[in-house]
Each structure stands twice: as structure tokens, then as C-alpha cells.
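See below for the structure under consideration.
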Amino acid sequence: KISVPEISSITEGSNCGMGTISLSATTTLGATILWFDSLTGGNKLGSGTNFTTPIINSTTTFYALASSDGVCEEGIRTPVTATIYDIPTITSTVDAQICGSGQGSLTAISSVGTINWYTTSIGGLPVATGNNYNPSVINTTTFYVDATENGCTTTSRTPVTLTVQHTNSPSGSGIQTFCDIENKSIADLSVVGNAILWYDAPSGGNLLNNSEILTNTSYYASQTVNGCESPARLAINVTIFETVVPLQPIDIPIMNVCDN
């Protein structure tokens, strides 16, 4: 009986992105393993149980043959695949802004794989996975994303920022006075701020028109910065003084005084 050596087992390999990959095979009868780059013919690339591929940038199949003497190249070649997995990349992110502390929605898109969200640029464990993340924050916070597919992870994390706009009330004197003959309007009230809005109450209430004539009452001003209106309002107490109009001579009554 003539025994012919053959490949009894193989171990394939993979790599994240371009590189070399370690493959291995075992054989019966203590034969020598020869490695080739094609199923028939082609080039002999090496020999031995273990084989390191040349640098490759795509999945490639190599072939192992059990040679009885290490010279004979006749026989059945067994395919052994070296797999190259794509390294995911973050292709786009969407930052967000919220008015005051609360919850915002961040978005990230990857070329392939699952997106992971972190609170640090390196290290740590994911706090969430998926394209969308809805964290609750008090102040502006930057999160970081990477993507994983087939055990391959993006080479660096991409920042995604949730901006918290805290808008304070405008500033100005809380007491302002005018004369009635001036017919001043709300637009004449003096405050410092951006995109001022006037109300008739410290919260809620009615939005007032800047052309309304001032009266003896309190007005409340908010300001808006980056699309966020201040939750607190500046109170301004308005006093309207009546103007004393002197009498014309013709209107002054004649006063008669009797001497003693």
C-alpha cells in the first residue's frame, strides 16, 4: 500500500487593513508543506507549517501542498484564505445645541460597522452604541465616536459636541422714569442685551409690542442668544411723572388785598 501525504488541517487568518497575515497547516506522514499563490502552477512562496503572507490589501487565497520530500510539487493543493477586513471610518457627525441643561441628540455615520460612543478620546468603555445618542448634560460636553466591524476599529475617535447655551437675562437699571409729555414707548426703555423681548409678567404672560406707550407699571425683558431665550427676565419699574403746565397770565385770577 502506498501512502500519499495530505494536508490534515489548516488555520486561516485575518487582518484589519493592509498587512501580512500568518497562516498555518498540518500534514500527515511528516511531509513538508509547500505554499503557493495559485491552485495550479504559479509561484512557490515558502515552506513549513507556518507561513506569513506578503503584504496584501485585499482578501487573498494561498494554497498548501503536502510534499513527501519538500521538493516534489505534485499533489492536491488546499486553499487557505488570508482575509483583509476594512477598517471602519467615521464619515460624518452632527453636533447639536440645546437651550439650558437637558437632553440633546447627537448623530454619527460610519462607513461600516457599529458606532460606539465614549466620554473620552482614548480608553474607557462605550456609554452607548448606534448612530444616534441622546445624552442629558448640564454644560457643553464633547463625546467621542469610533466604529467596529469584524473586530476592526477606527484608528482614532471623532469628537461630537453637545453645546448647552445658557442665556442670562439682559442688564439695565431696574427703575426708569419718564415725563408724560414725552409719550415714550417700550422701545425707549434702556437695557443691554441681544434680541430683547418685552413681557407683562416675570414668567409666562403676554409678549408686548415695542410701540406701546409706557405707563406706570413693571415691564420684563428677556434676551435671545444663539436661538435661546433667557428663562429669567429683567424687571424694570417705570414711573411716569406728570408735567406741571404753568398758567397763562390771562388764566391767573386777580387777587385783591385790603390794607388796614
Quiz item: Is the gap between the ring centers of Phe62 and Trp35 under 6.0 Å?
Solution: no

Exercise. Verify whether one side chain among Ser9 and Thr26 offers a donor that lies under 3.5 Å from an acceptor in the other.
Key: yes

Quiz prompt | Partners meeting side-chain contact (heavy atoms from CB on, under 4.5 Å) with Glu149 (sequence neighbours left out) | solution = Pro88, Val112

Self-check item: Any side-chain donor near an acceptor of the partner, Thr148 and Asn116, under 3.5 Å
Solution: yes

Practice problem: Test side chain to side chain contact (heavy atoms under 4.5 Å, CB included) on Ile109 and Asn131 and set out the steps. | Solution: CA-CA 6 Å; Ile109 303 296; Asn131 295 93; 3.5 Å; yes

Quiz prompt | Residues that Gln103 engages under side-chain contact (heavy atoms from CB on, under 4.5 Å), provided they are two or more places apart | solution = Asn134, Ser136

Quiz prompt | From CA spacing to verdict: side-chain hydrogen bond (donor to acceptor under 3.5 Å, both in side chains), Asp69, Ser67 | solution = CA-CA 6 Å; Asp69 57 5; Ser67 173; 3.3 Å; yes

Quiz item: With ILVMFWY side chains joined below 4.5 Å, transitively, what does Met18's cluster contain besides itself?
Solution: Ile55

Quiz prompt | Distance-only donor-acceptor check, side chains Asn132 and Thr107, under 3.5 Å | solution = yes

Quiz prompt | Set of residues satisfying side chain to side chain donor-acceptor pair (under 3.5 Å) with respect to Asn15, sequence neighbours excluded | solution = none

Practice problem: State which residues pass side chain to side chain donor-acceptor pair (under 3.5 Å) with Tyr219; sequence neighbours excluded, sorted by chain then number. | Solution: Thr215

Quiz prompt | From CA spacing to verdict: side-chain hydrogen bond (donor to acceptor under 3.5 Å, both in side chains), Ser230, Ser169 | solution = CA-CA 5 Å; Ser230 60; Ser169 61; 5.9 Å; no

Exercise. Using only heavy-atom distances, determine whether the side chains of Glu229 and Thr224 contain a donor-acceptor pair under 3.5 Å.
Key: no

Quiz item: Between Tyr199 and Asn206, is any pair of side-chain heavy atoms under 4.5 Å apart?
Solution: no

Practice problem: Would you check if Ile84 and Asn57 make a side-chain contact, meaning some heavy-atom pair closer than 4.5 Å? | Solution: no

Quiz item: Linking I/L/V/M/F/W/Y whenever any side-chain heavy atoms sit under 4.5 Å apart, do Leu208 and Val191 land together?
Solution: yes

Quiz item: Is the backbone of Val164 close enough, under 3.5 Å, to the side chain of Thr140 for a donor and an acceptor to pair up by distance?
Solution: yes

Practice problem: Evaluate the side-chain proximity of Ile10 to Thr78: yes if any heavy-atom separation is below 4.5 Å, no if none is. | Solution: yes

Quiz item: When hydrophobic residues are tied together by side-chain contacts of less than 4.5 Å, even through go-betweens, does Val127 share a cluster with Val137?
Solution: yes

Exercise. Indicate whether any N or O donor in one side chain lies under 3.5 Å from an N or O acceptor in the other, for Ser218 and Asn237.
Key: yes

Practice problem: Is it possible for you to say whether Leu234 and Val225 belong to one hydrophobic cluster, with membership spreading through side-chain heavy-atom contacts below 4.5 Å? | Solution: no

Quiz item: If we only count heavy atoms from C-beta on, is the Leu214 to Ile186 side-chain gap below 4.5 Å?
Solution: yes

Run the side-chain donor-acceptor check on residues 44-52: report pairs under 3.5 Å with partners two or more places apart or on a different chain.
none

Quiz item: Is the backbone of Ser185 close enough, under 3.5 Å, to the side chain of Glu212 for a donor and an acceptor to pair up by distance?
Solution: no

Practice problem: Given side chain to side chain contact (heavy atoms under 4.5 Å, CB included), test Leu162 with Asp95 step by step and report yes or no. | Solution: CA-CA 6 Å; Leu162 178 56; Asp95 297 331; over 6 Å; no

Quiz item: Do the ring centers of Phe143 and Tyr133 come within less than 6.0 Å of each other?
Solution: yes

Practice problem: Decide yes or no for Pro170 and Val192: does some side-chain heavy atom of the first lie under 4.5 Å from some side-chain heavy atom of the second? | Solution: no

